[in-house]
Asks: 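Structure provided below as structure tokens; questions to follow.
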2 protein chains.
Amino acid sequence: MMELTRKGEYAIRGIVYLAGKQPDKVCLLSDIAEAVDVPPTFLAKIFQQFSKIGLVKSYRGTGGGFMLGRAPEQITLLEVVEAVEGPILPNRCLAVPTDCERSCSCNVHPVWQRVQGEVRQVLGGVSLKDLVNEQ
Amino acid sequence: MMELTRKGEYAIRGIVYLAGKQPDKVCLLSDIAEAVDVPPTFLAKIFQQFSKIGLVKSYRGTGGGFMLGRAPEQITLLEVVEAVEGPILPNRCLAVPTDCERSCSCNVHPVWQRVQGEVRQVLGGVSLKDLVNEQ
DNA sequence: TACTAAAAAGACTGTTTATATCCTTTTAGG
DNA sequence: CCTAAAAGGATATAAACAGTCTTTTTAGTA
Ligand code: SF4
Ligand code: SF4
């Protein structure tokens with residue numbers, strides 16, 4: 001259970017690759033896709049989502065491409081994952097407004113809140129800077 | 001992301017209900033299903049899975065039904081969830097044998113291992129005894 | 001201005017998983 | 001033998017996933 005989708009996996013690969021380039025280097029989507037082994041059309045959709053929320057900056061036309069929207073140490077894995085997968089919700093009752101009428105009396109509910117908190121903490125504690133392979 | 005399916009949610013509701021009954025009380029599937037508001041045919045499939053691994057004991061024929069396979073404090077939420085949802089795998093590279101050839105050099109891989117560990121720790125630390133509503 | 005490069009946007013498709021339901025078979029008690 | 005109950009298997013529908021294709025917009029350049 002709890003599996004990241006391909007989309008999430010591809011998203012991470014793509015943006016980590018960008019984070020490994022020198023700042024202000026504009027990268028072609030096609031180059032990124034090839035480097036991280038992701039279908040280019042699929043990665044395009046992912047980067048469009050990134051672009052909308054400012055995780056990456058995009059430039060159209062000749063000489064265009066993508067670059068990171070902020071410094072790598074300012075972008076967490078949590079942001080990247082939630083950008084494409086939506087919020088971390090181990091169970092539906094954590095959505096607001098909660099859609100389970102049992103949530104008040106339910107002893108399981110707080111367990112899922114703890115799970116959510118732990119996952120968010122782990123992912124939130126890792127930045128893109130931590131993820132690039134420096135050598 | 002990481003959402004528990006209906007099946008998992010129903011599984012928990014059903015077995016927690018069982019755990020709230022006095023030990024050695026045999027419960028009808030139809031009664032459990034009604035009490036926890038789950039489609040009876042669906043809950044049947046879930047309890048069949050439980051039965052196979054001994055989480056519950058089943059009795060067929062007249063006077064049959066289900067009872068808990070072990071004491072409530074001996075069954076963790078982790079076991080219940082993994083029984084019906086499979087192992088907790090935040091990313092495919094945590095499966096054995098790992099199916100990502102990048103896993104050796106990948107900095108993201110250990111993050112997913114930590115996520116997996118945290119989730120398992122939380123769920124493993126909660127027993128059915130903790131989940132029944134005592135009053 | 002026309003041409004070209006590149007991302008954005010939207011429609012569409014095939015596959016897989018989720019969410020069940022139904023029917024038949026097995027088991028056990030009375 | 002009849003009935004109650006779980007087990008097993010087949011089927012159905014809907015949603016999500018994974019990806020493709022085509023057209024449009026934007027921007028640089030000859
Ligand atoms: S864990 Fe409790 S509150 Fe959450 S969906 Fe299940 S019953 Fe409802
Ligand atoms: S996190 Fe790393 S090892 Fe895991 S699937 Fe992605 S690239 Fe492979």
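Just so we're clear, the structure is a prediction, and the values are computed from it rather than from any experiment. Numbered from 1 within each chain, the chains take letters A, B, ... in sequence-line order.
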Asks: Can you name the side chain to side chain contact (heavy atoms under 4.5 Å, CB included) partners of A:Ala35, sequence neighbours left out?
Replies: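 With sequence neighbours excluded, A:Ala35 shows a side chain to side chain contact (heavy atoms under 4.5 Å, CB included) to A:Tyr17, given in chain and number order.
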
Asks: In the hydrophobic clustering (ILVMFWY, side-chain contacts below 4.5 Å, transitive), which residues join A:Met67, or is it alone?
Replies: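 Under the 4.5 Å side-chain rule, A:Met67 groups with A:Val26, A:Tyr59.
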
Asks: Working to the nearest 0.5 Å, report the span between CG of B:Leu29 and OG of B:Ser58.
Replies: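 Here the interatomic distance stands at 10.5 Å.
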
Asks: When all nucleic acid strands are considered with a 4.0 Å heavy-atom cut-off, which category describes B:Tyr59: base, sugar-phosphate, or nothing?
Replies: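 Counting heavy atoms under 4.0 Å across all strands, the contact made by B:Tyr59 is with sugar-phosphate only.
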
Asks: Sorted by first residue and then second, give each side chain to side chain donor-acceptor pair (under 3.5 Å) pair with at least one member in residues 26-41 of chain A; sequence neighbours left out.
Replies: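 The answer is none; no pair qualifies.
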
Asks: Rounded to whole angstroms, how far apart are CG on A:Leu4 and C1' on D:dC17?
Replies: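 After rounding, the gap between these two atoms is 13 Å.
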
Asks: Considering residues at least two apart in sequence or located in another chain, which fulfil the side chain to side chain donor-acceptor pair (under 3.5 Å) criterion with A:Arg70?
Replies: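 Result, side chain to side chain donor-acceptor pair (under 3.5 Å) vs A:Arg70: A:Glu79.
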
Asks: CZ of A:Arg92 versus P of D:dA16: gap in Å, rounded?
Replies: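 Atom CZ in A:Arg92 sits about 10 Å away from atom P in D:dA16.
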
Asks: Under 4.0 Å, heavy atoms only, any strand: does A:Thr5 hit a base, just the sugar-phosphate, or nothing?
Replies: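 Sugar-phosphate: the residue A:Thr5, judged by heavy atoms under 4.0 Å, touches backbone atoms but no base.
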
Asks: Nearest nucleotide by nearest heavy atom, which residue falls closer to the 5' end of DNA chain C, B:Glu85 or B:Gly61?
Replies: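 Residue closer to the 5' terminus by nearest nucleotide: B:Glu85.
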
Asks: If you restrict it to nitrogen or oxygen atoms, what contacts under 3.5 Å exist between nucleotides 10-12 of chain D and the protein, and what is each distance?
Replies:
none

Asks: Quick check on DNA chain D: between A:Arg6 and A:Thr62, whose nearest nucleotide comes earlier from the 5' end?
Replies: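 Its nucleotide being nearer the 5' end, the pick is A:Arg6.
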
Asks: Using a strict heavy-atom distance below 4.0 Å, which residues from residues 7-40 of chain B are in contact with DNA chain C?
Replies: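 Nucleic-acid contacts, sorted: B:Lys7, B:Tyr10, B:Pro39.
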
Asks: Would you classify B:Lys57 as touching base, sugar-phosphate or nothing, given that sugar-phosphate means primed atoms plus P, OP1 and OP2, and contacts are heavy atoms under 4.0 Å?
Replies: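 Nothing: the residue B:Lys57, judged by heavy atoms under 4.0 Å, touches no strand.
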
Asks: So, do B:Asn107 and A:Val16 sit near enough that their side-chain heavy atoms are less than 4.5 Å apart?
Replies: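 B:Asn107 does not reach A:Val16 side chain to side chain.
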
Asks: For a 4.0 angstrom threshold against heavy atoms of chain A, report the outermost contacting nucleotides of DNA chain C in 5' to 3' order.
Replies: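 Taking any atom under 4.0 Å from a heavy atom of chain A, the span is C:dT4 to C:dG10.
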
Asks: Regarding B:Phe66, tell me which of base, sugar-phosphate or nothing describes its non-hydrogen contacts under 4.0 Å with the strands shown.
Replies: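 Sugar-phosphate: the residue B:Phe66, judged by heavy atoms under 4.0 Å, touches backbone atoms but no base.
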
Asks: Using only atom types and a distance under 3.5 Å, with no angle test, would you say the side chain of A:Arg102 pairs donor to acceptor with the backbone of B:Val36?
Replies: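 Yes: the side chain of A:Arg102 pairs with the backbone of B:Val36.
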
Asks: Could you state the atom-to-atom distance from CD of A:Glu3 to P of D:dA18 in whole Å?
Replies: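 Atom-to-atom, A:Glu3 to D:dA18, this comes out as 9 Å.
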
Asks: By ring pair (Phe, Tyr, Trp, His ring centres under 6.0 Å), which residues pair with A:Phe47, not counting sequence neighbours?
Replies: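 If we apply the ring pair (Phe, Tyr, Trp, His ring centres under 6.0 Å) test to A:Phe47, skipping adjacent residues, the hits are A:Phe50, A:Phe66.
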
Asks: Would you please name every residue forming a salt bridge (Lys or Arg N to Asp or Glu O under 4.0 Å) with B:Glu9, sequence neighbours left out?
Replies: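 Checked B:Glu9 against salt bridge (Lys or Arg N to Asp or Glu O under 4.0 Å); matches are B:Arg13.
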
Asks: In chain order, what residues pass the ring pair (Phe, Tyr, Trp, His ring centres under 6.0 Å) check against B:Phe42, with sequence neighbours excluded?
Replies: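 Residues passing ring pair (Phe, Tyr, Trp, His ring centres under 6.0 Å) with B:Phe42: B:Tyr10.
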
Asks: Enumerate all atom pairs, one protein N or O and one N or O from nucleotides 23-25 of chain D, separated by less than 3.5 Å.
Replies:
residue : atom : partner : partner atom : Å
D:dT25  : O2   : A:Arg60 : NH2          : 2.8

Asks: Give the intermediate values and the outcome of side-chain hydrogen bond (donor to acceptor under 3.5 Å, both in side chains) for residues B:Ser127 and B:Gln74.
Replies: CA-CA 7 Å; B:Ser127 77; B:Gln74 306 271 354; over 6 Å; no

Asks: Going by the side-chain contact (heavy atoms from CB on, under 4.5 Å) test, name the single residue among A:Ile88, A:Leu4, A:Val119, A:Leu77 that passes it with B:Val115.
Replies: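 Output: one option passes, namely A:Val119.
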
Asks: What side chain to side chain donor-acceptor pair (under 3.5 Å) pairs are there with at least one residue in residues 114-124 of chain B, not counting sequence neighbours?
Replies: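 Listed by first then second residue: B:Glu82-B:Arg120.
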
